[in-house]
Amino acid sequence: MFSQKDRKPKLLSLGPINYADGGEGYMTEFNNIWDVDVLRIKPRVQFLAELKEKISNNGPYDGLMVHDLDMEIDGELLTLLLPDLKIVVSASAGYNEFDVDFMTDNGILFCNAIHAVSEATADLAVFLILAVIRDTTRAEARMRSGKWRGNLPPTLDPNGLNLGIFGMGGIGKHIARKISMFQMNTYYYNRNRLSPEDEIKFNATYCSSLKELLSISDVLTINCPLNADTRGLIGKEEIACMKDGSFLVNTARGPIVDEEALIEAVRSGKITRAGLDVFANEPNVNSFFLECDSFTIIPHNGGMTVGTFKKAERECCENLKAWYQQGRPVKSVNDI
């Protein structure tokens with residue numbers, strides 16, 4: 001809990017808080033609790049210099065809010081905010097760009113937006129599932145080139161196909177709920193099995209191993225977090241377990257999939273088409289994905305909606321308010 005009674009806690013927001021208010025007066029209450037300064041993200045060397053100047057002129061800062069992320073939030077950056085920084089909040093769900101270990105070692109709490117991006121990302125995953133099944137990328141390209149349908153063959157129908165969800169957290173559950181409208185058979189693999197009630201609710205059948213999920217899925221959608229255990233987890237051996245001619249969708253994190261193995265699988269026909277919202281070396285994308293029309297590609301747009309931004313910023317603010325008022329955020333990634 002913030003203990004200095006002579007001032008309000010100070011927040012440095014990396015980017016403006018544009019969406020949280022929503023015309024509803026939300027930020028008026030928040031600004032009564034926190035003093036907020038804004039620093040826009042710049043190229044790293046310039047940004048670090050401006051950060052030092054900002055701290056010198058306006059600091060110290062008790063909290064840090066991060067919006068669109070274009071750099072690593074690492075020890076070099078965070079050290080500039082010590083020893084006063086106590087909490088970091090991110091408007092993103094993924095946090096592989098944040099040095100959480102450094103924060104823990106230095107008594108800094110870290111909170112991500114665990115709820116805000118789930119539904120919008122699930123919407124995009126459903127779009128990509130339908131796009132790869134119905135071959136919409138090639139159909140649109142034919143029409144834009146003046147060829148009408150050209151020689152495109154008929155596609156499969158989604159109904160009756162097996163959808164495999166790898167990662168049955170918030171996003172996976174939203175996908176299962178939404179995809180039921182298309183009468184697909186839903187299977188899932190997750191670190192923890194859902195309760196029998198949730199399996200009924202989401203009409204989802206549990207697979208006891210990733211290999212089992214891969215072997216049964218006509219379409220695989222990846223929705224697990226990126227960590228040491230999942231980096232490169234979908235590689236050559238895993239793809240070999242998939243059905244011939246199956247489909248793959250990734251809206252989680254690019255490095256979960258071995259991109260060279262995926263490219264080879266598409267070249268060979270092992271995987272018919274893939275829908276990708278995330279890539280291993282964003283924003284630098286393997287040129288094969290840009291050139292091959294067997295890929296439906298989107299520039300990490302899963303959470304890029306006004307509603308998501310509003311919910312994400314409010315989730316950040318609620319964690320900051322709870323830390324100020326109760327000494328603990330609503331939910332943190334780490335524990336100190």
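Nothing here was measured: the structure is a model prediction, and the numbers come from that model.
- Counting heavy atoms of neighbouring residues, nucleotides and ligands inside a 6.0 Å radius, atom CZ of Phe202 exceeds 12 of them.
- Remark: side-chain polar atoms of Ser209 are paired, donor with acceptor, to backbone N or O of Glu212 under 3.5 angstrom.
- A salt bridge between Lys178 and Glu119 is present, with a side-chain N of the basic residue lying under 4.0 Å from a carboxylate O of the acidic one.
- Ile73 and Ile114 are assigned to two separate hydrophobic clusters, defined by single-linkage of ILVMFWY side chains at heavy-atom distances under 4.5 Å.
- Judged purely by distance below 3.5 Å, without hydrogens or angles, the side chains of Thr121 and Thr251 never pair a donor atom with an acceptor atom.
- Nearest heavy atom pair, residue Thr155 against residue Arg134, reads OG1-NE, 2.9 Å.
- Looking at Glu238 and Lys211, no side-chain N of the basic residue comes within less than 4.0 Å of a carboxylate O on the acidic one, giving no salt bridge.
- When every heavy atom of Thr272 is checked against every heavy atom of Gly245, the shortest pair comes out as OG1-O, 2.7 Å.
- Taking the six-membered ring for Trp and thresholds of 30 and 60 degrees, Phe279 and Phe289 have ring planes inclined between 30 and 60 degrees apart.
- The number of heavy-atom neighbours closer than 6.0 Å to CZ of Arg138, taken from other residues, nucleotides and ligands shown, is above 12.
- Ionic pairing of Lys54 and Glu50 is not present here: no N-O contact between side-chain nitrogen and carboxylate oxygen is shorter than 4.0 angstrom.
- Side-chain atoms of Asn223 and Ile175, non-hydrogen and from C-beta on, do get closer than 4.5 Å to each other.
- Side-chain atoms of Lys270 come within 3.5 Å of backbone N or O of Met242 as a donor-acceptor pair.
- A side-chain contact (heavy atoms from CB on, under 4.5 Å) with Val333 holds for exactly one of Thr104, Asn112, Val88; it is Asn112.
- Between the side chain of Thr305 and the backbone N or O of Thr308 there is at least one donor-acceptor pair closer than 3.5 Å.
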Stepwise, does the side-chain contact (heavy atoms from CB on, under 4.5 Å) test hold for Leu78 with Leu64? CA-CA 9 Å; Leu78 294 168; Leu64 179 71; 4.2 Å; yes
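- Not one N or O on the side chain of Asp198 forms a donor-acceptor pair closer than 3.5 Å with the backbone of Leu194.
- In this structure, CG on Leu248 lies 8.0 Å from OG1 on Thr221, to the nearest 0.5 angstrom.
- Side chains of Pro255 and Leu226 form a contact here, defined as non-hydrogen atoms less than 4.5 Å apart.
- Between Lys236 and Asp258 there is no salt bridge, since no side-chain nitrogen of the basic residue lies less than 4.0 Å from a carboxylate oxygen of the acidic one.
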Please assess Glu197 against Lys201 for the test salt bridge (charged side-chain N to carboxylate O under 4.0 Å, His left out), listing each intermediate value before the final yes or no. CA-CA 6 Å; Glu197 293 78 14; Lys201 177 181 178 180; over 6 Å; no
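- Two residues are said to be in side-chain contact when any heavy atoms from C-beta on lie closer than 4.5 Å; Asp277 and Leu128 meet this criterion.
- Between Ser294 and Arg273, the side chains place no donor N or O within less than 3.5 Å of an acceptor N or O (distance only, hydrogens not considered).
- Two residues are said to be in side-chain contact when any heavy atoms from C-beta on lie closer than 4.5 Å; Ile165 and Tyr189 fail this criterion.
- A perpendicular orientation is assigned to the rings of Tyr19 and Phe309, their planes being inclined by more than 60° (bins at 30° and 60°).
- A 6.0 Å sphere centred on CZ of Arg40 holds no more than 12 heavy atoms belonging to other residues, nucleotides or ligands.
- With a 4.5 Å cut-off on side-chain heavy atoms, Asp62 and Tyr324 do not count as touching.
- In this structure, Ala91 and His67 approach most closely via the heavy-atom pair CB-CA, 4.3 Å.
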Applying side-chain contact (heavy atoms from CB on, under 4.5 Å), run through Leu82 and Ile108 and close with a yes or a no. CA-CA 9 Å; Leu82 294 177; Ile108 302 168; 3.7 Å; yes
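- In terms of hydrophobic clustering, with Ile, Leu, Val, Met, Phe, Trp and Tyr side chains grouped at heavy-atom distances under 4.5 Å, Leu262 and Leu290 are assigned to a common cluster.
- A salt bridge links Asp74 with Arg44; the closest basic N to acidic carboxylate O contact falls under 4.0 Å.
- Inter-residue side-chain proximity for Cys111 and Glu315 is flagged as unmet; no heavy-atom pair is nearer than 4.5 Å.
- Ser92 places no side-chain N or O within donor-acceptor distance of the main-chain N or O of Gly94, the cut-off being under 3.5 Å.
- A distance of 10.0 Å separates OH of Tyr187 from CG of Asn203, quoted to the nearest 0.5 Å.
- Other residues, nucleotides and ligands contribute over 12 non-hydrogen atoms within 6.0 Å of the CG atom of Asp105.
- Rounding to the nearest 0.5 Å places CG of Asn192 at 8.0 Å from OH of Tyr206.
- Criterion: ILVMFWY side-chain heavy atoms under 4.5 Å apart, direct or through other members. Under it, Ile298 and Met304 are not part of a common hydrophobic cluster.
- Comment: Glu24 engages Lys310 in a salt bridge, judged by a side-chain N to carboxylate O separation of less than 4.0 angstrom.
- Ion pairing between a basic and an acidic side chain is recognised when a charged N comes within 4.0 Å of a carboxylate O; Arg142 and Asp135 show no such pairing.
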Test Leu11 against Met65 for side-chain contact (heavy atoms from CB on, under 4.5 Å), laying out the working first. CA-CA 7 Å; Leu11 173 69; Met65 182 186 292; 4.0 Å; yes
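- Both Met71 and Met103 are members of a single hydrophobic cluster when ILVMFWY side chains are connected at heavy-atom separations under 4.5 Å.
- The two atoms that bring Met27 and Cys317 nearest to each other are SD-SG, 4.2 Å, heavy atoms only.
- When all heavy atoms are compared, the tightest approach of Glu313 to Ala20 is OE1-N, 2.8 Å.
- Checking side-chain atoms of Gln183 against main-chain N and O of Asn159 turns up no donor-acceptor pair under 3.5 Å.
- Judged by distance alone, with hydrogens and angles left aside, the side-chain atoms of Gln326 form no donor-acceptor pair with the main-chain N or O of Ala322 at under 3.5 Å.
- At most 12 non-hydrogen atoms from other residues, nucleotides or ligands lie less than 6.0 angstrom from CD of Glu237.
- For the pair Ser217 (side chain) and Leu220 (backbone), a donor-acceptor distance under 3.5 Å is absent.
- Minimum interatomic distance between Asn190 and Met168 (heavy atoms only, all atoms of both residues): OD1-N, 2.8 Å.
- Heavy atoms from other residues, nucleotides or ligands lying under 6.0 Å from NZ of Lys42 number more than 12.
- There is no path of hydrophobic side-chain contacts, each under 4.5 Å, that joins Ile179 to Ile200.
- Counted by atom type alone, Tyr61 and Asp84 present zero donor-acceptor pairs between their side chains at under 3.5 Å.
- Both cation-pi conditions hold for Arg314 and Tyr26: the charged atom is under 6.0 angstrom from the six-membered ring centre and inside a 45 degree cone around its axis.
- A 4.5 Å side-chain heavy-atom check between Trp323 and Val89 finds every atom pair outside the cut-off.
- Here the options are Asp157, Leu163, Asn162, the test is side-chain contact (heavy atoms from CB on, under 4.5 Å), and the partner is Met184; only Leu163 passes.
- With hydrogens and angles disregarded, a donor-acceptor distance shorter than 3.5 Å links the side chain of Asn32 to the backbone of Thr28.
- For Ser180 (side chain) and Arg177 (main-chain N/O), a donor-acceptor pair under 3.5 Å exists by modelled atom type.
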side-chain contact (heavy atoms from CB on, under 4.5 Å) between Val36 and Lys10, intermediate numbers included: CA-CA 6 Å; Val36 181; Lys10 296 197 71 171; over 6 Å; no
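- Taking 4.5 Å as the limit, some side-chain heavy atom of Ile256 sits within range of a side-chain heavy atom of Cys224.
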